[in-house]
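Input: a single structure, listed below in structure tokens.
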Amino acid sequence: MAMSRNGAAAVFVPTATLRFRCSSSSSSLCVSVSSGSGVIMEKELQQLKLNNLNSPLLPSTSATRLLRVRARGRAQGQGDYSSSSSSSSDNDADTEALVPSLSFSWSSILLPFFFPALGGLLFGYDIGATSSATLSLLSPELSGTSWFTLSSLQLGLVVSGSLYGALAGSLLAYPIADIIGRRLELITAALLYFSGGLVTGYAPDLLILIIGRLIYGIGIGMAMHGAPLYIAETSPSQIRGTLISLKELFIVLGILLGYLVGSLEINAVGGWRYMYGMSVPMAAIMAIGMLFLPCSPRWLLLRAVQGKAPMEEYKQMALNALRKLRGRPAGDWASEKEVEDTLVSLKAAYSDQEPEGSIWEVFEGPSLKAFIIGGGLVLFQQITGQPSVLYYAASILQSAGYSAASDAARVSVVIGLFKLVMTGIAVVKVDSLGRRPLLIGGVGGIVFSLFLLAAYYKILSSFPLVAVGALLLYVGSYQISFGPISWLMVSEIFPLRTRGRGISLAVLLNFGSNALVTFAFSPLTEMLGPDNIFILFGAIALVSLIFVFLNVPETKGLSLEEIESKILKS
């Protein structure tokens, strides 16, 4: 130890590279610090110990861990430290620190994200394609069928068939998700997408068409349950928020793709068949991709702790899966540490409870707290007006004098592109700004935009640009808050013991409230008028803002086990 010119204590190392040994249950980054001068200030080490959360590579919780450095050697011109053996083993023993273990290969995490996210893209594609497919189905010249004269009820069944299927898929996922696992659930969803798209595309009559829509919808329900679950359980904690938010971006991309295919096929005879049929090759890609991905390591360990599988065998399978997901070599210490820490967490959670747990356990203790947070977010996501507000998009843009508003497809594409841009902003910022700031800022924007739309219809009708601005503000605010963050929080907030069932209930609540708002919107608008309906939505949005302030925690940088121990059990 010596004193530097400014009086700070210094640790001397030989023109040094300090190798930091890493320890974390969630990820693995081994940091090397090179010092050409051979001097590392002890004050700087203390500052790093307190402020290492400032690094974009390190989770915020690492600030609470001690950074311990032991270095021996002789710096240039200094005799305070004696030289030790030059072997690498001596260096490893002499230069040591505990920091979060965060290393992973980007190439190895790309496919485990991409193929589950295709489930979201296929959900969005159905939304976009249906908007044009219904126009094609109802046209005597373009439908290519003899049963184009559909009643409003029949058309409603075609449009909402996938929604009812999604509700059924959510109910199906509740009892079986933890049994079959996340990977097999997503393979099943892909096969349902594939068969539903085929049946719909080749439907000889209305009944078969509706059956195809229901089958496709069951795939939606299972995919929207399994995809965030798989991504959350296989992603490194420091980029988990980014990846799950990217899934929302895939949904928006799917909507745009549906609009694009619809605009290309809208003038073709039987074009609706091509619009729905285009989902088939994408579903095949998803199914094949999921076949080559490993199971979720956390799910494997869950089954072992539950006594449903051999402990040592499944522990080794989890270790192999984690190494594959992180792109690490066999025998790496970080993966073994992460698996051991997850096992400790699971065994502690199950120590005084039945292994399988009650079907009502989601409504008890920490799981109930998680359900209030996650369920509340997905409920407010729907009942604050999304996507009903967009019902007025065309008329608002037309009143502003934009010629593109005369073409519903083009208007939809413009709004979809804006949604895509704003979702991209959320994806970029969710792991740096955090979940709460985006939610609070975005929901605040939703409240303001809804009351502004109400004011437009009441007193500002001569200023159509106000309505256009309010509409875009609503869309943008939703896409940086409720859009991606709700599903992100749902996927990471539930304890591992009840995560499968908890997310299933959240998906069911989401699609159920979606159906409620969809069917109640028209009669409510007729009864209240557009000005009062926006006041109603604005009041609900204000309640949701208060809910976020009081109930939604910050989970940025925390591992799934840390969320359970530090937030749900606090």
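It should be emphasised that the depicted structure is a prediction, and the values quoted were computed from it without experimental measurement. We're numbering straight along the sequence, starting at 1. The figures here come from the full heavy-atom set of this structure, side chains too, leaving out hydrogens, waters and symmetry mates.
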Can you check whether Leu256 reaches Leu420 side chain to side chain, under 4.5 Å on heavy atoms?
yes
Is a side-chain N or O of Arg326 found less than 3.5 angstrom from the main chain of Thr234, in a donor-acceptor match?
yes
Heavy-atom nearest pair, Gly557 first then Glu562, reads O-OE1, 4.2 Å
Taking Lys315 for the side chain and Glu340 for the main chain, is one N or O donor matched with an acceptor at less than 3.5 Å?
no
Which heavy atom of Leu243 sits nearest to which heavy atom of Ser235, and what is that distance?
CD1-OG, 3.3 Å
What's the separation between atom OG in Ser279 and atom CG in Leu118, rounded to the nearest 0.5 Å?
12.0 Å
As a quick check of understanding, evaluate side chain to side chain contact (heavy atoms under 4.5 Å, CB included) for Met278 and Tyr125, giving each step before the final call.
CA-CA 9 Å; Met278 276 297 295; Tyr125 179 82; 3.1 Å; yes
Approximate separation, where rounding is to 0.5 Å, of Ser477 OG and Met422 CE
7.0 Å
What I'd like to find out is whether the side chain of Ile493 reaches to under 4.5 Å of the side chain of Pro553, using heavy atoms alone.
yes
Taking C-beta and beyond as the side chain, do Glu338 and Leu343 meet within less than 4.5 Å on heavy atoms?
no
On a heavy-atom basis, the closest approach of Gly219 and Ala189 is O-CB, 3.6 Å
Is the closest basic N to carboxylate O distance between Arg499 and Glu492 below 4.0 Å?
no
Check the angle between the aromatic planes of Phe547 and Phe380 and answer parallel, tilted or perpendicular using the 30° and 60° thresholds.
tilted
Distance col, row His225:NE2 vs Ile176:CD1, nearest 0.5 angstrom, shows 9.0 Å
Would you confirm whether Tyr193, through its side chain, and Leu122, through its main-chain N or O, come within 3.5 Å as a donor-acceptor pair?
no
Should the pair Glu336-Arg323 be classified as a salt bridge under the 4.0 Å nitrogen-to-oxygen rule?
yes
Are Gln382 and Ser513 linked by a side-chain donor-acceptor pair shorter than 3.5 Å?
no
Please state whether the rings of Phe114 and Phe250 are parallel, tilted or perpendicular, taking 30° and 60° as the class boundaries.
perpendicular
Validation row: Val507, Ile503 side chains within 4.5 angstrom (heavy atoms):
yes
How far does SG of Cys295 sit from CG of Leu300, to the nearest 0.5 angstrom?
5.0 Å
Keeping the roles fixed (side chain from Trp299, backbone from Asp178), state whether a donor-acceptor pair exists under 3.5 Å.
yes
Any side-chain to backbone donor/acceptor pair from Asn551 onto Ile373? Under 3.5 Å, distance only.
no
Testing the basics here: between Ser367 and Thr498, what is the closest heavy-atom pair and its distance to 0.1 Å?
OG-OG1, 2.7 Å
Please tell me if the side chains of Lys429 and Ile480 come closer than 4.5 Å, counting only heavy atoms from C-beta onward.
no
Mark yes or no for whether Arg298, through its side chain, and Glu233, through its backbone, hold a donor-acceptor pair below 3.5 Å.
yes
What's the separation between atom CD1 in Ile251 and atom CD1 in Ile127, rounded to the nearest 0.5 Å?
7.5 Å
The reported gap from CG in Leu111 to CE in Met290 (rounded to nearest 0.5 angstrom) is 10.5 Å
Looking at every non-hydrogen atom in both residues, tell me the closest pair between Ser486 and Leu377 and how far apart they are.
OG-O, 3.6 Å
Under the 3.5 angstrom rule, does the side chain of Lys556 hit a backbone N or O of Ser432 as a donor-acceptor pair?
yes
If we count only N and O atoms by modelled type, under 3.5 Å, do the side chains of Glu248 and Thr423 hold a donor and an acceptor together?
no
Check whether any side-chain heavy atom of Phe371 sits under 4.5 Å from a side-chain heavy atom of Phe494, and report yes or no.
yes
Is a side-chain donor or acceptor of Arg435 paired with a backbone partner of Val430 at a separation under 3.5 angstrom?
yes
Below 6.0 angstrom between ring centroids: does that apply to Phe123 and Phe511?
yes
Hey, are the side chains of Gln381 and Trp487 touching, using non-hydrogen atoms and a 4.5 Å cut-off?
yes
